[in-house]
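Below, each value reflects all heavy atoms present in this structure, side chains not excepted, and no hydrogens, waters or symmetry copies.
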Amino acid sequence: MNPKPPLPDSFIRARRELLLDHVFFGSLIMYLEPVIDAKHPTMWVDGKRLGFNPAFFDQLPLREAAGGLAHEVLHCAFEHPLRRGARDKKLWNIAADHAVNAIVRASGLPLPQGSIETEPRFLNKGVEEIYAILQGEQQSQSQGAGSGQSQQQGQ
């Protein structure tokens with residue numbers, strides 16, 4: 001059996017930051033098995049494991065790394081991986097990010113650059129509701145693009 005590689009110091013420091021300064025997130029993160037995953041560009045969770053790319057993690061400032069961990073922990077706390085069902089994975093993830101990012105930022109933790117900015121219209125909404133809104137907008141845009149094309153073809 002191959003021994004697990006040691007966790008990078010950057011991960012340990014960020015997890016410690018949560019345990020000491022954000023006890024709710026810190027207590028939850030201890031239930032997730034850390035998985036070093038250099039094939040994934042950032043971080044992920046599946047409800048039991050928290051995967052992270054050490055190269056991505058190492059370049060983050062400590063508080064952004066802690067914010068990223070809190071973000072992933074909230075996906076598990078809200079059971080986002082389990083609740084997706086047959087929904088589109090990418091759109092579900094965007095909706096879930098809107099749902100959790102506002103909470104992470106409200107806790108005083110910054111998120112890594114490039115994280116989704118929660119739009120005010122999504123505050124206090126659950127992931128299913130946000131998903132339905134985004135899906136409706138996506139369908140409206142695709143129908144709008146299709147109808148514009150058919151109008152041009154008819155001329």
Side-chain angles (χ1 to χ4, degrees), residues 4-5 7-8 10-12 14-19 21-147:
K4 289 184 181 183
L7 294 172
S10 57
F11 181 88
I12 293 169
R15 190 168 61 176
R16 184 181 314 132
E17 172 83 7
L18 290 182
L19 284 165
D21 294 337
H22 298 275
V23 178
F24 174 73
F25 300 132
S27 63
L28 292 177
I29 199 167
M30 297 310 292
Y31 287 97
L32 296 172
E33 176 190 349
V35 176
I36 296 171
D37 183 357
K39 294 180 182 175
H40 192 277
T42 57
M43 292 183 265
W44 56 266
V45 288
D46 64 6
K48 295 180 182 181
R49 300 173 302 156
L50 186 152
F52 65 97
N53 183 320
F56 168 76
F57 214 83
D58 286 346
Q59 56 89 27
L60 293 174
L62 175 62
R63 291 189 40 77
E64 282 184 27
L69 291 178
H71 166 101
E72 298 300 338
V73 160
L74 282 176
H75 283 310
C76 294
F78 292 129
E79 297 183 335
H80 290 161
L82 300 174
R83 290 165 52 194
R84 180 171 62 93
R87 294 177 182 95
D88 177 79
K89 185 177 183 177
K90 184 175 180 181
L91 191 61
W92 177 260
N93 194 51
I94 291 168
D97 284 354
H98 278 292
V100 301
N101 285 355
I103 297 168
V104 173
R105 287 187 177 103
S107 78
L109 284 169
L111 288 161
Q113 284 190 327
S115 296
I116 288 177
E117 290 290 333
T118 300
E119 298 174 30
R121 66 191 176 128
F122 295 139
L123 293 175
N124 302 315
K125 288 186 171 50
V127 65
E128 287 87 358
E129 190 175 1
I130 297 168
Y131 181 90
I133 292 167
L134 293 174
Q135 186 179 43
E137 290 173 356
Q138 199 176 56
Q139 289 171 348
S140 292
Q141 289 173 353
S142 65
Q143 288 172 352
S147 64

Are Phe52 and Asp37 close enough that some pair of their side-chain heavy atoms sits under 4.5 Å apart?
no
Is there side-chain contact between Arg105 and Leu111, with heavy atoms separated by less than 4.5 Å?
yes
Please evaluate residues Ser10 and Asp58 with respect to the criterion side chain to side chain donor-acceptor pair (under 3.5 Å), reporting the C-alpha separation (whole Å), side-chain torsions for both, the decisive distance (0.1 Å), and the verdict.
CA-CA 6 Å; Ser10 57; Asp58 286 346; 2.4 Å; yes
Pairwise side-chain contact, Arg84 with Asn93, heavy-atom cut-off 4.5 Å (strictly under)
no
Do Glu17 and Leu62 come within less than 4.5 Å of each other through their side chains, counting heavy atoms only?
yes
Given side chains that start at C-beta, do those of Gln135 and Arg87 come closer than 4.5 Å, heavy atoms only?
no
Across all chains, not counting sequence neighbours, the salt bridge (Lys or Arg N to Asp or Glu O under 4.0 Å) partners of Arg49 are Asp46
Heavy-atom distance under 4.5 Å between the side chains of His22 and Ser107, does that happen here?
yes
Which donor-acceptor pairs under 3.5 Å do the side chains of residues 24-34 make with protein atoms, sequence neighbours left out?
from, atom 1, to, atom 2, distance (Å)
Ser27, OG, Val23, O, 3.1
Ser27, OG, Phe24, O, 2.9
Glu33, OE2, Lys4, NZ, 2.8

Not counting sequence neighbours, which residues clear ring-ring contact (aromatic ring centres under 6.0 Å, His included) with His71? List them please.
His75
Parallel, tilted or perpendicular, judged at 30° and 60°: which one describes the rings of Phe11 and Phe57?
tilted
Using side-chain heavy atoms (C-beta onward) and a distance below 4.5 Å, is Phe78 in contact with Val73?
no
